[in-house]
Amino acid sequence: MAGMGPAPKPEGARRRRNATVAMTPLPPEGRKGRAPKWPLLDDVVLTARRDQALRKADELELALLEPDLKGRAKAAAEKKADTAREAALILTKQLEAQQQLEGELWRDLWKTPQAVMWQQMQWTREVAQYVRWKSRAEAGDLDAAKEARQLADRLGLSPLAMLRLRWKIADPDDVKPAPAARRRAAGNRRQRPDDPRATLHVVE
């Protein structure tokens, strides 16, 4: 009829303008298994600083053995040697603490739900880079904290980052056990000695 507008399209020909990309569900219990092998070398910059400080401390220790070193000159040399030993010790402890923190953070991250996707996409080195920047950030490095935040977004380590990646943690109630697991569970229920149904017998 005139004035009624075009006829509606068939159901199959209609397009949803508000269609959204499907979300990828992640297991709420996280990734199972051991973390991958750590792929990075030790912190090159911090290791070089530690080694340089140790060499300087050794050189100043040797200088103290000079027989001509006496009086104020010897006292000044001893002070320099003490300062060098302290700097070397601080860098050594800092490197050890960073390595320990990297190991703990590395193992914890590979237990998260997001780690399932990292494994599928082989993002091992990307996760390791985040761990390195994050460990430096926790030691007080502000520049490292900025790098860690950027990598955290790429790895889906925040709710907004997960939304951008179209990831979501599945509702535990929606996760159904596999058929084999259901059969084992049913078998366990049948074998329970405290189940009153186990005492029932067919009477002929």
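Hydrogens, waters and symmetry mates play no part in the numbers below; they use all other heavy atoms, side chains included. Keep in mind that what you see is a predicted model, and the values were worked out from it rather than measured.
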Task: Those residues that, when tested against W133, pass ring-ring contact (aromatic ring centres under 6.0 Å, His included) (two or more places apart) - done: none

TODO: Given side chain to side chain contact (heavy atoms under 4.5 Å, CB included), test T124 with W118 step by step and report yes or no.
DONE: CA-CA 7 Å; T124 307; W118 302 339; over 6 Å; no

TODO: Inspect the surroundings of CG in L41 and state if more than 12 heavy atoms from other residues, nucleotides or ligands are less than 6.0 Å away.
DONE: no

TODO: State plainly whether the residues D43 and R136 are in salt-bridge range, i.e. N to O under 4.0 Å.
DONE: yes

- [ ] Evaluate whether atom CD of E86 has more than 12 neighbouring non-hydrogen atoms of other residues, nucleotides or ligands under 6.0 angstrom away.
- [x] no

- [ ] Could you grab the distance from atom CG of D51 to atom NZ of K56, nearest 0.5 Å is fine?
- [x] 15.0 Å

Open item on the list: I'd like to know whether R125 forms a side chain to side chain contact (heavy atoms under 4.5 Å, CB included) with L40, so could you lay out the CA-CA distance, the side-chain angles of the two residues, the decisive distance to 0.1 Å, and finally the verdict.
Closed with: CA-CA 7 Å; R125 287 188 173 274; L40 303 183; 3.5 Å; yes

- [ ] Kindly assign one of parallel, tilted or perpendicular to the pair W106 and W38, based on the angle between their ring planes and the thresholds 30° and 60°.
- [x] perpendicular

- [ ] Decide if atom CG of L142 counts as having more than 12 heavy atoms of other residues, nucleotides or ligands within a radius under 6.0 Å.
- [x] no

Task: Considering all heavy atoms, the nearest R49-L91 contact - done: O-CD1, 3.4 Å

TODO: Begin with the C-alpha distance, continue with both residues' side-chain angles, and end with the deciding distance and a verdict on side-chain hydrogen bond (donor to acceptor under 3.5 Å, both in side chains) for Q100 and E96.
DONE: CA-CA 6 Å; Q100 180 179 353; E96 291 174 354; over 6 Å; no

- [ ] Could you please spell out the steps behind the side chain to side chain contact (heavy atoms under 4.5 Å, CB included) verdict for T112 and R31?
- [x] CA-CA 6 Å; T112 62; R31 175 185 172 274; over 6 Å; no

TODO: Can you sort out the partners of D82 under salt bridge (Lys or Arg N to Asp or Glu O under 4.0 Å), two or more places apart, ordered by chain and number?
DONE: R85

Open item on the list: Pairing donors with acceptors under 3.5 angstrom, does anything connect the side chains of Q98 and E102?
Closed with: yes

Task: Heavy-atom pair with the smallest gap, counting every atom of G156 and W167 - done: CA-CZ3, 4.2 Å

Open item on the list: If the threshold is 4.0 Å, N to carboxylate O, is there a salt bridge linking E126 and R154?
Closed with: no

- [ ] Applying side chain to side chain contact (heavy atoms under 4.5 Å, CB included), run through M23 and L163 and close with a yes or a no.
- [x] CA-CA 8 Å; M23 302 288 286; L163 183 61; 4.2 Å; yes

Open item on the list: Is there a continuous path of hydrophobic side-chain contacts, each under 4.5 Å between heavy atoms, that joins Y130 to L160?
Closed with: no

TODO: Answer yes or no: does atom CD of Q52 have more than 12 heavy-atom neighbours from other residues, nucleotides or ligands under 6.0 Å?
DONE: no

